[in-house]
S.K.: 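My structure is below; once you've seen it, I'll send some questions.
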Amino acid sequence: METVYGTVGVDVSSDWSRFPRYGFVADYDNTRSAGVIAQDAAFLNRCHINGVQYYDWQYKHHWPLGGTRGSLLTSYTDIANRSVVTQVVKNLIAEHHKYGMKTMFYNLCFGALDDGAADGVKNQWRLYKDRSHANNDNHPLPDSWKSDIYLLDPSNAEWQSYLADRNDDVYASFDFDGFHIDQLGSRGSVYDYNGGNVNLPQGFASLINAMKARHPGKSLVMNAVSNYASKNIVQTGNVDFMYSEMWAGESQFSDLLTTLKANQTYSSGKLNQVFAAYMNYNQRGSQFNEPGVLLTDAVMFAIGASHLELGDGHMLCHEYFPNRSLAISSSLRKALVHYYDFLVAYENLLRDGGTESVADISSTSSKMKINSWPPQMQKVTSYSKTVGNREVIHLLNFNQANSLSWRDMDSDMPEPKALSSVPLKLRASGVKRLWVATPDALGGAPQELAFQESGGYVTFTLPSLKYWTMIVVEK
């Protein structure tokens, strides 16, 4: 009898972008003491986060550096007039680098504040809602913030050069590893200063290429809001992985796989997927709803993606990353460690290629009715791939689910009832070994199972299923 005393996942990849696990930081004031920074970074490391997005660290969108190269401000305010301490930003970078994490500075690809002209941003670079350049397209923000954000044409070569110059200043002043580029999704019909139509997806690709040409050794990631312009972004060949911010139009569990597969097609299977997807968005109560979070992570991880959710002492419930409205319970915190261990331990089965398949799997037990992807309520959904000589089958428990939306908007996704000792029958032949693993039991350790093979089927007993169990058939 084997006794599992503890487990951990280990990733020995030489390049973080092969299996990206992305986190974030969003606070840079004097409350971020050395002890707080160390504690937060240690938890991110324990969850195997290997890249960190520095959200809203910048002074102005068109002038991200607080001060000038060689003459940095000791502190400054961000777009929301929050305090940013320059030394805190440096301390965070140093702490994350201790763990081998890549540090990515956030900025919008085409934004200027209302004082942009004073800093050299020309009207001729701007993006307009009309052909007569009377109405600069803009993103309105609260009155208490520094400014609304006024948009520029991302394909304008002079703007690209200006932004690259500002990034030169950033890289000369901070030890960032790359640029996390943001956008705002579709803007409808937009025009340049001369009244010409602007193709934003092509403009984004052009800007990515310009940033890479200026700093070929730095990493680039670009947000595809609702997967807008993802094809153009990915096909530059200059981003490290696919990053999609999911919203109401992509709210179903099935949309996650649809988006991932489209992006894999765009990248010819070369890039892996990160989802920015905000849980419990209506923020009911004071804590995240553990069943909603774990079911969503189970689905994302099972299909081969990861989830941008963990940050500097809090987790995301809103697109404004400093929002700390919901806390992580001790129970959820412990579960997340197991889930991220699992994502790492089995990354080659989860995220390293393979061919999607449809497993012929069923149960004679009334406790488990299995359907093939996409998910259905009151059923257990299977999603499967062939990876080398292995058939990998994921069982995802929607028996008690009250919705097929990953968002769990009102924090009311019920906890699924754990199933145990379930008889299963799988069409398979030439089976050498059969084992299962789940982040919900034994810390994710694998359990080899006895099985019987007859008439082109194998039968075996599934030890347990709560949210997610992975079955691996080696042939």
Side-chain angles (χ1 to χ4, degrees), residues 1-13 19-23 39-50 99-101 279 287-307 309-310 315 328-352 380 382-383 385 387 390 392-397 399 413 415-422 424 433-451 460-474:
M1 177 68 73
E2 181 179 69
T3 301
V4 177
Y5 291 100
T7 59
V8 70
V10 179
D11 183 353
V12 296
S13 303
F19 300 116
R21 296 174 298 277
Y22 213 17
Q39 177 180 310
D40 290 347
F43 181 66
L44 291 182
N45 179 64
R46 181 60 190 87
C47 293
H48 309 282
I49 298 303
N50 57 9
Y99 291 111
M101 300 176 194
M279 299 299 305
Q287 294 184 329
F288 283 94
N289 179 38
E290 183 171 328
V293 172
L294 295 184
L295 185 58
T296 292
D297 279 352
V299 172
M300 288 184 179
F301 295 1
I303 65 174
S306 65
H307 189 186
E309 57 182 343
L310 298 176
M315 195 162 78
I328 310 172
S329 68
S330 59
S331 173
L332 177 56
R333 185 181 177 94
K334 182 178 179 181
L336 286 169
V337 169
H338 290 312
Y339 269 66
Y340 279 85
D341 272 347
F342 196 90
L343 179 65
V344 168
Y346 303 107
E347 61 192 8
N348 295 103
L349 295 179
L350 298 172
R351 312 181 73 190
D352 199 12
V380 171
S382 69
Y383 173 73
K385 288 195 300 186
V387 183
R390 296 165 171 161
V392 183
I393 305 160
H394 302 282
L395 297 181
L396 299 157
N397 190 358
N399 273 341
M413 181 66 75
E415 181 178 359
K417 294 178 181 177
L419 305 174
S420 60
S421 301
V422 181
L424 293 179
R433 182 170 176 248
L434 190 152
W435 53 275
V436 299
T438 171
D440 303 317
L442 298 179
Q447 299 171 268
E448 188 159 356
L449 303 184
F451 62 91
F460 59 97
T461 299
L462 187 74
S464 67
L465 169 65
K466 188 168 185 183
Y467 292 96
W468 169 30
T469 296
M470 179 177 71
I471 303 167
V472 179
V473 182
E474 297 184 6

S.K.: May I have the step-by-step check of side chain to side chain contact (heavy atoms under 4.5 Å, CB included) for Val387 and Val472, ending in yes or no?
M.R.: CA-CA 10 Å; Val387 183; Val472 179; over 6 Å; no
S.K.: Apply side chain to side chain contact (heavy atoms under 4.5 Å, CB included) to residues Leu449 and Ile471 and explain how you reach the verdict.
M.R.: CA-CA 10 Å; Leu449 303 184; Ile471 303 167; over 6 Å; no
S.K.: Does Asp297 use its side chain to pair, donor to acceptor, with the backbone of His307 at less than 3.5 Å?
M.R.: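 The answer is no, because no donor-acceptor pair under 3.5 Å joins these two groups.
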S.K.: Of all the heavy-atom pairs spanning Ile303 and Tyr383, show the shortest one and how long it is.
M.R.: CA-CE2, 3.8 Å
S.K.: Where is the tightest heavy-atom contact between Asn348 and Asp352, given as atom of each residue plus distance?
M.R.: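 For Asn348 versus Asp352, the nearest heavy atoms are ND2-OD2, 3.0 Å.
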S.K.: Cut-off 3.5 Å, side chains only: do Tyr99 and Asn50 have a donor facing an acceptor?
M.R.: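 No, no side-chain donor-acceptor contact under 3.5 Å.
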S.K.: Would Arg21 count as a cation-pi partner of Tyr340, with NZ or CZ less than 6.0 Å from the six-membered ring centre and within 45° of the ring normal?
M.R.: no
S.K.: For side chain to side chain contact (heavy atoms under 4.5 Å, CB included), just list the numbers for Glu290 and Glu415, CA-CA rounded to whole Å, side-chain angles, deciding distance to a tenth of an Å, and then say yes or no.
M.R.: CA-CA 8 Å; Glu290 183 171 328; Glu415 181 178 359; over 6 Å; no
S.K.: Please find the pair of heavy atoms, one from Phe342 and one from Leu350, that lie closest to each other, and give the distance.
M.R.: O-CD1, 4.0 Å
S.K.: Return the minimal non-hydrogen interatomic distance between Gly443 and Thr7, and the atom names on each side.
M.R.: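 The answer is O-OG1, 2.7 Å.
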S.K.: Once you measure the plane-to-plane angle for Trp468 and His394, does it fall in the parallel (<30°), tilted (30-60°) or perpendicular (>60°) bin?
M.R.: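 Ring orientation, 0 to 90° scale: tilted.
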S.K.: Which heavy atom of Val4 sits nearest to which heavy atom of Leu442, and what is that distance?
M.R.: CG1-O, 3.9 Å
S.K.: Mind listing the closest non-hydrogen atom pair of Ala335 and Leu294 along with its distance?
M.R.: CB-CD1, 3.8 Å
S.K.: Start with the C-alpha distance between Trp435 and Tyr346, add both sets of side-chain angles, then the distance that settles ring pair (Phe, Tyr, Trp, His ring centres under 6.0 Å), and finish with yes or no.
M.R.: CA-CA 13 Å; Trp435 53 275; Tyr346 303 107; 5.7 Å; yes
S.K.: Checking Ser306 side chain against Pro20 main chain: does a donor-acceptor pair fall under 3.5 Å?
M.R.: yes
